[in-house]
Amino acid sequence: MAPQPVSAPDEQTMEIHVLGPVRVRIGDQSIVPTAGKPKQVLTLLALRCGRVVPVSTLMEEIWGDKVPRSGTTTLQTYILQLRKLIARSLPAGCQLSAKDLLVTHFNGYQLAITPSAYDLREFERLTVEGDAALAAGDAETASRQLGRALELWSGSALMDVPAGQVLEMEAMGMEEARMRAQELRIIADLQLGRHAMLIPELRMLVAQCPMHENFCAMLMIALQRSGAPWRALQVFRNLRQILIGELGVEPSSRLQRLHQAVLSNVPDLPLAAYDLA
């Protein structure tokens with residue numbers, strides 16, 4: 001039976017930050033190594049804090065499908081380096097050892113600490129609350145909670161870690177969750193009539209993700225509501241050109257319906273009609 005995660009040696013002192021540069025601290029001491037591979041190991045353990053990470057998963061992250069014969073020994077060396085960093089961070093007289101906090105299991109390792117601050121879990125909590133508020137028709141609360149969730153980000157996920165296959169997938173999932181939270185917050189703000197102030201943000205998002213139909217649709221609606229339907233039509237033309245050129249497909253039927261609505265100058269385009277609410 002796996003040991004239960006323990007509280008940090010000094011209350012309110014264990015922090016994990018992965019929504020940008022990776023930071024893992026005990027007290028005022030960083031336990032993030034400077035070398036790339038040990039940093040990958042710590043990052044994966046921190047992302048799955050409280051759970052056992054199999055040795056095979058750690059090896060896949062570090063070496064992919066080219067694990068050296070010395071892989072097991074080298075991984076043990078990285079774990080030892082991390083334990084040394086943890087030991088240096090522990091306050092004098094602490095009854096816990098580095099082995100209590102970074103635990104060895106038969107088939108893996110576990111960062112057995114309950115963090116007092118973990119930005120990813122806080123982001124997920126706020127996003128769930130915002131999504132629920134939006135579904136309940138409370139756009140004000142949704143915008144506020146989703147905005148707070150997005151403010152936790154300070155760059156790309158795991159931006160300073162030389163990610164392997166496992167961390168690349170973790171980072172991709174986190175970025176997709178970020179994009180979804182941003183999409184939900186924009187929907188809430190559109191419901192609140194903030195269309196004009198959203199245009200610069202939506203233009204940037206469309207430039208970054210030119211084939212993202214939801215962002216294009218929201219930009220079209222914001223422009224039309226702001227009295228610039230000709231600009232909304234240009235957004236559709238750009239999207240159509242890119243989709244045909246890159247994928248050989250037309251925009252979806254809902255985008256084509258939106259295009260026709262803008263052409264017909266339908267007042268106050270309803271979000272629900274285009275699967276955006």
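In this structure, L45 CG and I31 CD1 are separated by 9.5 Å, a value rounded to the nearest 0.5 Å. In this structure, CZ in R51 is found 10.5 Å from CD in Q110, a value given to the nearest 0.5 Å. The CG atom of L190 sits 10.5 Å away from atom CE of M197, with the distance rounded to the nearest 0.5 Å. One distance of note links CG of L205 with CD of E201; it measures 5.5 Å at 0.5 Å rounding. In this structure, OG1 on T72 lies 11.0 Å from CG on L58, to the nearest 0.5 angstrom. How far CG of L192 is from CD1 of I187: 12.0 Å, rounded to the nearest 0.5 Å.
Results of the side-chain contact (heavy atoms from CB on, under 4.5 Å) test with E61 over L44, T43, V41 single out L44 as the only residue that passes.
Within the 4.5 Å cutoff, side-chain heavy atoms of K37 are placed close to those of W63. Side-chain contact check for L223 versus R203: some heavy-atom pair is nearer than 4.5 Å. Residues V206 and N238 are not in side-chain contact: their nearest non-hydrogen atoms beyond the backbone lie 4.5 Å or more apart. Between I16 and I113, every side-chain heavy-atom pair lies at or beyond the 4.5 Å cut-off. Between I86 and Q29 the shortest side-chain heavy-atom distance does not fall below 4.5 Å. A heavy-atom distance below 4.5 Å is found between the side chains of E129 and R125. By the 4.5 Å heavy-atom criterion applied to side chains, L47 and Y118 are counted as neighbours. Taking the side chain as every heavy atom from C-beta outward, E250 and L243 never approach each other to under 4.5 Å.
Considering only residues two or more places apart in sequence or on other chains, R237 meets the salt bridge (charged side-chain N to carboxylate O under 4.0 Å, His left out) condition with none of them.
Residues V249 and V235 share a hydrophobic cluster, clusters being chains of Ile/Leu/Val/Met/Phe/Trp/Tyr side chains in contact below 4.5 Å. Residue I242 is grouped with residue L258 when hydrophobic side chains (ILVMFWY) are merged at heavy-atom distances under 4.5 angstrom, including chains of intermediate members.
For CE of M169, the number of neighbouring non-hydrogen atoms (other residues, nucleotides, ligands) closer than 6.0 Å is 12 at most.
Taking every heavy atom of both residues into account, L42 and P33 meet most closely at CD2-CD, 3.8 Å. Residues L152 and D119 share a closest heavy-atom pair of CD1-O, 3.8 Å. The two residues S226 and I199 have their closest heavy-atom pair at OG-CD1, 3.5 Å. The two residues A98 and L90 make their nearest non-hydrogen contact at N-CD1, 4.0 Å. Taking both residues in full, the closest heavy atoms of L111 and C49 are given as O-SG, 3.6 Å, listed atom of the first, atom of the second, then distance. The two residues P270 and R225 have their closest heavy-atom pair at CA-NH2, 4.5 Å.
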Next on the checklist: Test side chain to side chain donor-acceptor pair (under 3.5 Å) on Q234 and R231; report intermediate values, then the result.
Outcome noted: CA-CA 5 Å; Q234 183 62 54; R231 293 182 178 175; over 6 Å; no
Item to check | side chain to side chain donor-acceptor pair (under 3.5 Å) evaluation trace for S143 with R194 | outcome: CA-CA 11 Å; S143 176; R194 299 169 180 168; 3.2 Å; yes
Next on the checklist: Under the criterion side chain to side chain contact (heavy atoms under 4.5 Å, CB included), I'd like the reasoning laid out for M179 against E175: C-alpha separation, chi angles, the key distance, then a yes or no.
Outcome noted: CA-CA 6 Å; M179 186 175 295; E175 290 290 347; over 6 Å; no
Checklist entry - Do L255 and R240 pass the side chain to side chain contact (heavy atoms under 4.5 Å, CB included) test, and can you show the C-alpha distance, the side-chain angles, and the key distance before you say yes or no? => result CA-CA 10 Å; L255 263 292; R240 183 173 185 270; over 6 Å; no
Next on the checklist: Using the rule given for side chain to side chain contact (heavy atoms under 4.5 Å, CB included), can you reason through T141 versus R144, listing the C-alpha separation, both sets of side-chain angles and the distance that settles it, and then say yes or no?
Outcome noted: CA-CA 5 Å; T141 297; R144 181 173 62 253; 3.4 Å; yes
Item to check | Worked verdict on L146 versus T127 for side chain to side chain contact (heavy atoms under 4.5 Å, CB included) | outcome: CA-CA 6 Å; L146 291 162; T127 299; 4.2 Å; yes
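The existence of a salt bridge linking R121 and E124 is excluded, since no basic side-chain nitrogen approaches an acidic carboxylate oxygen closer than 4.0 Å. Ion pair R180/E176 not flagged as a salt bridge, since none of the NZ, NE, NH1 or NH2 atoms sits closer than 4.0 Å to an Asp/Glu carboxylate oxygen. Using a cut-off of 4.0 Å between Lys/Arg side-chain N and Asp/Glu carboxylate O, E151 and R148 are scored as not salt-bridged.
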Result block: side-chain N/O donor-acceptor pairs under 3.5 angstrom for residues 207-221, not counting sequence neighbours:
unit_1	atom_1	unit_2	atom_2	d
H212	ND1	N214	N	3.4
H212	ND1	F215	N	3.2
E213	OE1	S252	OG	2.6
E213	OE2	S252	N	3.0
N214	OD1	R254	NH1	3.1
N214	OD1	R254	NH2	2.3
N214	ND2	E183	OE2	2.4

Under 3.5 Å, side-chain donor or acceptor atoms of residues 153-168 against the rest of the protein: list the pairs with distances, not counting sequence neighbours.
unit_1	atom_1	unit_2	atom_2	d
S154	OG	L19	O	3.3
D160	OD1	V22	N	2.9
D160	OD2	K39	NZ	3.3

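Under the 3.5 Å distance criterion, with hydrogens and angles disregarded, no donor-acceptor pair is assigned to the side chains of R185 and Q182.
Judged purely by atom type and a 3.5 angstrom limit, Y109 has no side-chain atom pairing as donor or acceptor with the backbone of Q76. A donor-acceptor contact shorter than 3.5 Å is absent between the side chain of R23 and the backbone of E15. The main-chain N or O of S97 is found under 3.5 Å from a side-chain atom of D100 such that the two form a donor-acceptor pair. Distance alone, capped at 3.5 Å, is enough to place a donor-acceptor pair between the S30 side chain and the V32 backbone.
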